[in-house]
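Have a look at the structure below before the remarks.
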Amino acid sequence: MKHKGLFITLEGVEGAGKTTQVHRLANAIGENVLVTREPGGTPISEQIRNIFLTDADMSPSTELLLIAAARAQHVTERILPALNAGRIVICDRFSDATIAYQGYRKGIALQQIEKVNHIATGGLAPDVTFLLDLPPEIGIQRKRNSGEPLSRLEHEKLTSHQKVREGYLAVAKAEPHRVILIDAQLDENTIHQLLVSETKKRIQSFE
Ligand code: TMP
């Protein structure tokens, strides 16, 4: 799908440091940036996020359809208008998360994920994705150390988190031109500088 902007996503297992990097990157890039997240980013999508993160015993298909509903609203109401206006959109998670979480972790067939993702995005894909890769046991430990309460997904067994990581690595392998794999055990400033330099390269090429 053609647009005038730059669509950047950050992905990774729980505790990989995405959210910190999203905000640092946005500050470094400056104006003309929209920072957003999934699930979420619009009033409807944020309501769906609350249901998604808090309700226990959710079936895998329910997860997939809720995520897709949140994404459809987010793409239409926020992401596409910003991209069409030539803005830089930095989104904390997007479609790759559905492949990793609902596909690899929850076992929904990848072809089904692809179809549903297509309905939700209308074919919109990130121009670049930064995948912050980390052994999940370190990510969960980081979350615990931060003192924040863990969500229902973060509470799941380590093997589930390992599947998520495996899913993300498979996406990175399949799409090496789009997905930049970053070792999330590097220090925060080094990761930040890497993200800024890769983003600036892409801004120059679309200006
Ligand atoms: P966050 O903690 O990075 O804000 O993400 C919220 C949770 O939602 C996280 O556990 C991953 C999960 N998630 C999915 O399961 N599928 C998706 O497609 C997305 C975007 C998030």
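Counting starts at 1 for both ligands and their atoms, in listed order. All residue numbers refer to positions in the sequence shown, counting from 1.
For atom 4 (O) of ligand 1, the closest heavy atom belonging to the protein is Arg49 NH2, 2.8 Å. Looking only at protein heavy atoms, the nearest one to atom 21 (C) of ligand 1 is Pro39 CD, 3.6 Å. Arg93 NE, 2.7 Å is the protein heavy atom nearest to atom 3 (O) of ligand 1. In this structure, the protein non-hydrogen atom closest to atom 10 (O) of ligand 1 is Glu14 OE2, 2.8 Å. Residue, atom and distance of the protein heavy atom nearest to atom 12 (C) of ligand 1 are Phe52 CE2, 3.7 Å.
For Phe7 and Phe94, the ring centers sit closer than 6.0 Å to each other.
For ligand 1, one of its N or O atoms has an N or O atom of Thr98 under 3.5 Å away. Annotation: Lys18 places an N or O atom under 3.5 Å from an N or O atom of ligand 1; distance criterion only. Residue Arg71 has at least one nitrogen or oxygen atom sitting less than 3.5 Å from a nitrogen or oxygen atom of ligand 1, judged on distance alone. The N/O atoms of Gln102, backbone and side chain alike, include one that comes under 3.5 Å of an N/O atom in ligand 1.
Near Ala97, meaning under 4.0 Å from any of its heavy atoms, are these atoms of ligand 1: 16 (N), 17 (C), 18 (O), 19 (C), 20 (C). Counting the atoms of ligand 1 from 1 in the order shown, those under 4.0 Å from a heavy atom of Glu38 are 20 (C).
If you take OG1 on Thr19 and CG on Leu10, they are separated by 8.5 Å, rounding to the nearest 0.5 Å. To the nearest 0.5 Å, atom CG of residue Asn117 and atom CG of residue Leu124 are 11.0 Å apart. Thr199 OG1 to Gln204 CD: the interatomic distance, rounded to the nearest 0.5 Å, is 11.0 Å.
We find that Glu198 and Lys201 are joined by a salt bridge, their nearest charged nitrogen and carboxylate oxygen being less than 4.0 Å apart. Ion pairing between Arg165 and Asp133 holds under the 4.0 Å rule for side-chain N and carboxylate O.
Each salt bridge (Lys or Arg N to Asp or Glu O under 4.0 Å) pair with one or both residues in residues 15-42, not counting sequence neighbours, appears once here: Lys18-Asp92, Arg24-Glu188, Arg37-Glu46, Glu38-Arg71. Sorted by first and then second residue, the salt bridge (Lys or Arg N to Asp or Glu O under 4.0 Å) pairs with a member in residues 73-84 form an empty list; sequence neighbours excluded.
When non-hydrogen atoms are compared, ligand 1 lies under 4.0 Å from neither the backbone nor the side chain of Arg37. Only the side chain of Leu53 comes within 4.0 Å of ligand 1, judged by heavy-atom distances.
A donor atom on one side chain and an acceptor atom on the other are found under 3.5 Å apart for Thr62 and Ser59.
Using 4.0 Å as the threshold, Arg105 has no heavy atom nearer than that to any atom of ligand 1.
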